[in-house]
Amino acid sequence: MPDDGTPRSTTRRSIPRRTVLTASAAAAVTLGAAPAAAARAAAAAAAPALPDGVSTDKVLVIGMDGLRHDRIDAADAPHLKQLMRDGAYGLSLLYANPMAATSSGPGWSTISTGVWPDKHGVRDNSFAGKDYDRYPGFLARLAAVRPELSTYAAVDWKPLHTQGAVTAGADAVLALDGDRDGYAGHDATIADQAEAVLRERNPDVLFVYFGNTDVVAHAHGTGRRYLDAIAVQDSYAGRLRAAIEARPTYASERWTVIVCTDHGHVDAGGHGGSSIEERRTFVLAAGPGIPAGARPVDTRLVDVAATVFHQLGIDPDPSWGLDGKPLQQRSADAFDTLHPSLSGRVDETGIPAGVLGFTRTPPSGWSIDNSAMGMGGVTEWRGWSFATDEFWSRTHRDQQRELNVRARGVFAVADSDEWSDRSFSGPYDTTLVTPAYDISGASAARLDFTAFYRQEGSQRAEVLASFNGGTPVLVKRYDADVISQPQSLTVPVPGGPSAAMHVSFRFRYTGANNWYWVIDGVKVTGA
């Protein structure tokens with residue numbers, strides 16, 4: 001892959017700008033050996049040349065392809081389980097088509113860039129439409145904003161290198177071809193060299209990829225052989241963490257270790273579709289400022305890049321357009337306070353009984369007006385409800401509920417389509433009312449939230465504002481699809497700034513067997 005052209009500091013570098021070791025190059029070093037064995041021997045013989053690191057804050061990102069988080073518990077994976085005890089472990093679900101397939105190209109692009117596929121443009125493994133110029137991977141970002149850092153990447157799924165998904169910007173790259181020479185052997189090569197880099201060099205940021213879990217799942221499903229593959233990759237993670245702790249400078253360094261995956265698998269093996277099993281991902285991280293044993297409910301896969309930047313002390317520029325946030329940065333969203341009180345299904349039959357994910361009781365200070373709401377229908381969705389991604393998206397696959405990617409944790413949803421799946425009478429007419437927010441002295445009230453809205457027929461979605469308990473006035477009406485996007489509405493205060501002023505907002509949704517409206521992350525401020 002050609003250099004990305006980003007200017008880099010040259011004040012301390014006496015080695016070439018970039019070192020790339022491929023399987024064929026490694027094999028050429030050790031004559032007479034079989035190519036795969038020779039490649040591993042050459043890679044393990046010595047760590048590649050790297051600029052000397054300059055940061056005491058250091059990050060290792062370990063990518064494990066196609067690793068379903070619900071299979072880790074059943075596997076012999078003591079190192080991953082120790083990381084869970086030492087750090088934060090957040091579960092996340094992916095999108096599905098038409099945003100993107102649950103495939104490696106979109107998955108690793110989402111991890112590396114910190115934005116969703118509707119931004120980075122990768123929707124399948126062809127990488128057609130990629131926009132890494134606007135949304136580069138985190139190693140390329142670091143090359144631009146912190147060129148003095150020493151960075152390393154190792155991969156054996158070839159497109160991660162040739163397409164520039166994760167290796168662009170790295171000072172040294174081990175790029176092997178698992179499709180040609182086998183992932184089991186190349187994963188071992190990667191573990192050997194990455195361990196050598198950690199022991200013999202002074203890197204600041206590393207991305208290390210293991211692909212055999214995905215290969216085994218495709219061939220054999222998620223049973224015994226898959227668990228064995230997880231155990232092997234777990235041992236590699238343990239070796240890398242041990243190499244970090246064995247560094248002579250370890251006591252003065254602040255290391256963060258992140259483990260993540262790009263997608264899940266159906267039980268029989270395979271992915272790309274919209275099932276929960278294919279959409280399963282996770283972010284696991286241990287390091288400074290990350291609370292031990294944390295189980296955040298609002299994690300998303302885009303949080304990996306944001307966590308890397310945060311752990312290095314880098315404040316992302318708003319122009320980067322990141323969708324992620326640091327793993328340890330918790331949401332202040334009122335809806336997430338409902339998580340402990342979520343319950344299981346009532347009328348929904350497609351949701352497993354053990355999945356706890358909905359309530360119709362609003363957070364403290366909020367209220368729901370169902371005085372104009374029809375009777376009957378599916379209990380879970382009779383008026384505004386509060387739900388998790390897994391619960392709500394299970395109600396009916398492939399109706400784009402999987403695209404609700406920018407909502408986190410618990411969100412509010414009005415779903416006339418699902419409500420009408422059981423006998424009902426009358427309209428779907430429900431209003432969610434916020435608390436009254438103090439905006440004294442402000443000339444305007446600003447409302448920020450995330451919206452996911454699908455329009456159909458006579459359905460309407462309206463945002464209204466009420467100042468000091470007065471008559472609500474229309475602020476915004478939605479009459480076209482909004483596919484999981486941030487919204488910002490500014491409403492002038494009647495009469496201008498005053499000594500005492502409060503504002504509350506209303507989200508009114510009306511329909512009849514139409515689609516749905518999701519809101520999340522509601523924030524009200526005076527402007």
Side-chain angles (χ1 to χ4, degrees), residues 1-2 4 6 59 61-67 92-144 151 153-170 173 175 178-179 205-211 213-214 258-265 271-274 278-283 299-309 316 320-325 327 402-403 405-406 483-484:
M1 183 180 62
D4 61 6
T6 305
V59 181
V61 178
I62 302 173
M64 296 188 176
D65 204 301
L67 180 54
S92 176
L93 291 177
L94 289 178
Y95 36 74
N97 284 319
M99 180 174 285
T102 49
S103 300
S104 290
W108 292 113
S109 297
T110 297
I111 289 167
S112 184
T113 63
V115 301
W116 293 110
D118 57 358
K119 287 184 179 179
H120 63 62
V122 180
R123 289 175 164 78
D124 53 38
N125 286 351
S126 73
F127 288 82
K130 67 179 182 181
D131 193 2
Y132 297 148
D133 289 338
R134 184 174 180 185
Y135 300 106
F138 63 78
L139 291 179
R141 285 279 190 206
L142 294 176
T151 58
V155 300
D156 57 359
W157 186 48
K158 192 174 180 179
L160 294 182
H161 177 60
T162 58
Q163 297 290 339
V166 299
T167 64
V173 177
D179 286 329
V205 184
L206 306 89
F207 177 85
V208 177
Y209 166 92
F210 299 116
T213 36
D214 184 60
I258 302 172
V259 183
C260 56
T261 193
D262 56 333
H263 57 73
H265 273 272
H271 56 88
S274 60
E278 294 163 279
R279 296 171 58 213
R280 289 195 190 281
T281 61
F282 66 90
V283 181
T299 303
R300 286 298 203 181
L301 197 59
V302 288
D303 295 343
V304 173
T307 303
V308 171
F309 297 135
W320 296 1
L322 294 187
D323 290 320
K325 65 181 181 62
L327 188 62
E402 300 88 359
L403 309 192
V405 292
R406 290 184 176 87
I483 307 299
S484 192

Any side-chain donor near an acceptor of the partner, T110 and H120, under 3.5 Å: yes

Does any part of the side chain of D118, heavy atoms only, come nearer than 4.5 Å to the side chain of I483, both counted from C-beta? no

Would you say that V122 contacts Y132 through its side chain, given a criterion of any heavy-atom pair below 4.5 Å between the two side chains? yes

For the residue pair H271 and T102, confirm or rule out a side-chain donor-acceptor distance under 3.5 Å. no

Assign the ring pair F138 / F309 to parallel, tilted or perpendicular, where the plane angle (0 to 90°) is split at 30° and 60°. perpendicular

Heavy-atom check, side chain of D131 versus side chain of K119, under 4.5 Å: no

Going by distance alone, is a donor N or O of one side chain under 3.5 Å from an acceptor N or O of the other, for S103 and D124? no

Which class fits the ring pair F207 and Y209: parallel under 30°, tilted 30 to 60°, perpendicular over 60°? parallel

A165 backbone acceptor or donor facing S112 side chain under 3.5 Å: yes

On a heavy-atom basis, which atom in G63 and which in W108 lie closest, and how many Å separate them? CA-CH2, 3.3 Å

Atom NZ of K158 with >12 non-hydrogen neighbours under 6.0 angstrom: no

Between D303 and L301, does the side-chain contact (heavy atoms from CB on, under 4.5 Å) criterion hold? Intermediate values first, please. CA-CA 5 Å; D303 295 343; L301 197 59; over 6 Å; no

Going by an N to O cut-off under 4.0 Å, is there a salt bridge joining R300 and D323? no

